[in-house]
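Take a look at the structure below.
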Amino acid sequence: MKKRRHSWVDVGDDEPPRKRKYKSSRLDSHPIKKKVKRPDSAEGSGKPKTSSIQEQRNQLPIAHGKDALVRELQENDVTVLVGETGSGKTTQVPQYILESGISGRGMIAVTQPRKVAATSLATRVAQEQNVSVGGLVGYSVRFDEASSQNTRIKYVTDGMLIRELLSDPLLSRYSVVVIDEAHERTLRTDLLLANLKTIQKTRNSYTGGKKGKEPASKQNPLKIVVMSATLDADKFSRFFGNAKILYVQGRQHPVTVYHTANSQPDYVDAALRTFFQIHTDQPPGDVLIFLPGQEDIENLDKSIKLYADRLPKDAPGVAVYPMYAALPAHKQAAIFSSAPQGMRKCILATNIAETSITIPGIKYVIDTGKCKEKRYISRDTGSGFDTLLTKDITQSSAMQRTGRAGREGPGFCFRLYTEEAFSAMPLSAEPEILRCTLTSSILQLKCLNQDLETLDFMDKPDTESVGSALATLYLLGAIDDTKALTKLGRDMAFLPLEPPLARALMASVEFACTLEVLNIVSVLSASSKLFIDTTESRETAAEARRKFRHPSGDHLTVLNIVKSYEEMHKSQGKSGRKEWCKKQLLNERCLLEAVDIKKQLSTSCERLGIDWKVSCGEAEYPILKSLLRGLVHQAAFLQPDGSYKQIMGPSTVKIHPGSSLCDKKVPAIIYDELVYTTHIYARGVSSVPRSFIAEVSVLNRRRSG
DNA sequence: GAGCACTGC
């Protein structure tokens, strides 16, 4: 048989996606001129009404190509599998691998970027195998695990597999690793891909990748399956020595796409007009509008309500639901309830609705084509800051948003940008590794003895960004002046914290205030924000915060809140605690997550021989000194004009308006992060005596031994 | 005096 390298193999019975053009036509100002159908495949006939789980499995698009797929997986060490949503690849491929014996005696790991995905997929696949989750099929995510000695298929978050890498650098328990959602190119996916390539070379005694010439020394070979959406498949294939690309058809209802004839600089106004055009001209069906951020959502919310009131009395009403991450949980939950009788539901969402949340019943999507992107600007030594600015989305994002209209039936998508603008969009987002802080990743790679210069990344991070991370690690005492990992650095990497917070926690041992610092870093490293901050409640929230305010600033204010929360729990129990949070406008999600993190960190501390119960009582200096050890590179001095000048770095920063120290002119500050929006703002700020700062940068290194 | 997309250990 002729070797077919780097070619598309059609596993399903449809044409490969490169031939499918996303035809679309212009939409003249707003009146709808012409519509074009998305040339979609399987005219979603929907799920069969009643069928056994096995029948459902057999009806998935991927089932048609099962034999061909299994054959390819058997023959190739690396396979790139392209499949759209609804193809069933994530649930079926691991089962095919298991059932066909490809995985031998080893386990199959399937990675996911998000926790919910990992746990729910494991549950689904366990059902299909007719076993309970945690047996043959299990999962492992932070704070939650269901697996046993019998587990053969394990769904894990990519971060979890990286943790496993630290204790088992060859991932020897696994014979197959499936990297799912690889097109998202998260920092952790890229780290895994780079490491997997090295691991496979070692375990398979690579001889150039020629089929049928496997060396006899191959004891415990590793197979890699990379699963991705269509756009980046070639790149993954090239990265793995022109690995075979297989294509699987998806299942999605057709969505009619419209573009505007002219660009719409005022996209909020354009969204408003488009919404009412749909509302008055189109049949019933819910509307989902994608906007970049909270501010736009709040404005559009007001405008829609204003105009809806002016509609004729007999016209159907509009029920508006905002949806973004900072919204309190009970308001987020509201979007899943159906609209009041005779009203059209209109959801205003950030890209939280693009992948994280699926809202049922959406027939119309309005896409502003904008999103906010966090980007790290690295300067000289550790003085970089994050920006959070509105920018154009990518083509894959646009297609994802469009797809949200076709989940349950044929739908419509109104793009508030021209067809030309769509064509000009980048295909997919720039990988995170090129725009994020690398401090934590580089510390982990150091623990794996990986040489950054020789490690093969899909996209190599730029030298400036690596240099900045190395400089930060050196300042924190995690590496020495030969860039070698220190004992302190190894301990820091063991803690599930960002290096600055890990350093602060390690320092707390020295200052005998571990309990306090543990409480603070647990909240700081929680993924949700502590304060609920919507425009309408901003004043009330600030008022509530004043009660907990500590004169030294935000870190000790956080500590006061944690203490009150714990007391509230002791005296009032779970429901009292919840009520209390609501009243104080505190986000309980953050505090609950902090409780989990604290539990995990205290276990980690015990393993490192640290007594985490050591407390400094009411003293504040030990706490500030500990924090300063981690935040040396994030400190600034007051200038005569009231602004702050970074100690390491060129920038002048302001204290963020949400901080308890805003407008308090203290001589020196440390901060959790810098964010550039309208100014460079320092967030999470504490006041420290100037004298503390000078001594720290020297001390950090001296004690790192 | 002004405002913050989304994840992970």
Side-chain angles (χ1 to χ4, degrees), chain A residues 111-118 140-145 156-167 181 184-192 290-299 323-327 349-357 370-375 386-391 393 397 400 429 432 435-436 440-441 443-444 447 492-499 501-502 525-539 541-542 593 596-597 600-601 603-604 642-643 654-659 661-664 673-679 681 683-684:
Chain A
T111 72
Q112 293 294 319
R114 284 164 290 277
K115 292 201 284 190
V116 267
S140 177
V141 302
R142 192 183 188 186
F143 307 132
D144 196 6
E145 175 161 14
V156 298
T157 45
D158 43 18
M160 208 67 197
L161 200 60
I162 288 175
R163 276 281 142 189
E164 271 192 52
L165 210 53
L166 293 178
S167 59
E181 313 287 4
E184 289 190 23
R185 298 292 308 279
T186 66
L187 181 54
R188 288 169 297 277
T189 294
D190 275 19
L191 283 180
L192 277 177
F290 283 103
L291 292 143
Q294 181 180 338
E295 196 185 354
D296 287 329
I297 289 176
E298 285 173 348
N299 288 334
M323 180 71 204
Y324 48 87
L327 205 64
T350 60
N351 49 9
I352 192 171
E354 203 176 291
T355 48
S356 312
I357 288 176
K370 303 283 176 190
C371 67
K372 289 208 183 188
E373 186 191 73
K374 196 168 189 170
R375 182 174 286 270
D386 287 324
T387 60
L388 192 60
L389 302 170
T390 301
K391 59 171 286 182
I393 59 170
S397 232
Q400 184 73 36
E432 262 182 16
R435 54 187 170 89
C436 287
S440 187
S441 310
L443 182 59
Q444 285 169 341
C447 289
M492 282 165 61
F494 180 73
L495 296 168
L497 289 170
E498 291 299 322
L501 296 182
S525 67
S527 58
S528 37
K529 293 265 178 287
L530 178 57
F531 299 110
I532 290 171
D533 194 26
T534 59
T535 309
E536 50 175 14
S537 64
R538 204 153 269 163
E539 271 312 301
E593 202 184 331
D596 280 337
I597 295 171
Q600 191 187 27
L601 283 174
T603 311
S604 306
S643 67
K654 287 185 171 183
I655 295 179
H656 192 276
S659 167
L661 283 184
C662 185
D663 277 348
K664 302 267 184 299
E673 60 174 350
L674 288 185
V675 175
Y676 177 74
T677 50
T678 52
H679 289 97
Y681 285 109
R683 306 181 58 216

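Being a predicted model, the structure only gives us computed values, none of them experimental.
- Distance Leu291(A) CG to dC4(B) C1': 15 Å, rounded to the nearest Å.
- Across the protein-nucleic acid pair, Lys370(A) atom NZ and dC4(B) atom C1' stand 19 Å apart, rounded to whole Å.
- Residues passing the side chain to side chain contact (heavy atoms under 4.5 Å, CB included) test with Arg163(A) are Leu166(A), Gln444(A), sequence neighbours excluded.
- For His656(A), whose side chain is taken as the heavy atoms from C-beta onward, the closest listed nucleotide among dG1(B), dC4(B), dT7(B) is dC4(B).
- Distance check: Met160(A) CE to Asp144(A) CG gives 9.5 Å after rounding to the nearest 0.5 Å.
- Each of Gly293(A) and Leu497(A) was assigned the nucleotide of DNA chain B with the nearest heavy atom; the assignment lying further toward the 5' end belongs to Gly293(A).
- Rounding to whole angstrom units, CE of residue Met160(A) and C1' of dG8(B) are separated by 11 Å.
- Remark: Arg188(A) pairs with Asp158(A) by the salt bridge (charged side-chain N to carboxylate O under 4.0 Å, His left out) rule, at least two apart or across chains.
- Between Thr157(A) and the phosphate of dC9(B), there is a side-chain N or O to OP1/OP2 separation shorter than 4.0 Å.
- Taking every side-chain heavy atom of Asp663(A) into account, dG1(B) is the closest of dC9(B), dG1(B), dC6(B).
- Here the side chain of Arg114(A) is nearest to one of dT7(B), dC4(B), dC9(B), namely dT7(B).
- Side-chain atoms of Glu184(A) and Thr189(A) form no donor-acceptor pair, as typed in the model, at a separation below 3.5 Å.
- Side-chain atoms of Arg188(A) and base atoms of dC9(B) include no donor and acceptor less than 3.5 Å apart.
- Toward the 5' end of DNA chain B, the nearer of the two residues Gln444(A) and Lys372(A), judged by each one's closest nucleotide, is Lys372(A).
- Rounding to whole angstrom units, CD of residue Gln600(A) and P of dG8(B) are separated by 13 Å.
- Following rounding to the nearest Å, Asp190(A) (CG) and dG8(B) (C1') show an atom-to-atom distance of 14 Å.
- Nearest nucleotide to the side chain of Cys662(A), out of dG1(B), dA5(B), dC9(B): dG1(B).
- Between Lys654(A) and the phosphate of dG1(B), there is no side-chain N or O to OP1/OP2 separation shorter than 4.0 Å.
- Taking CG of Asn299(A) as the start and CD of Gln294(A) as the end, the distance is 10.5 Å to the nearest 0.5 Å.
- Atom-to-atom, CG of Leu389(A) to P of dC4(B) comes out at 9 Å; the value is rounded to the nearest Å.
- The CD1-P distance, from Ile297(A) to dA5(B), rounds to 8 Å in whole Å.
- You'll find a donor-acceptor pair under 3.5 Å spanning the side chain of Glu498(A) and the base of dG8(B), going by distance alone.
- Taking only side-chain atoms of Gln294(A), from C-beta outward, the nucleotide of dA5(B), dG1(B), dA2(B) with the closest atom is dA5(B).
- For dC6(B), the OP1/OP2 oxygens have a side-chain nitrogen or oxygen of Thr350(A) closer than 4.0 Å.
- For the pair Asp296(A) CG and dC4(B) P, the computed distance is 10 Å after rounding to whole Å.
- Across all strands shown, Lys115(A) has heavy atoms under 4.0 Å from sugar-phosphate atoms exclusively, and none from any base.
- Here the CD-OG1 distance, from Gln112(A) to Thr157(A), works out to 9.5 Å after rounding to the nearest 0.5 Å.
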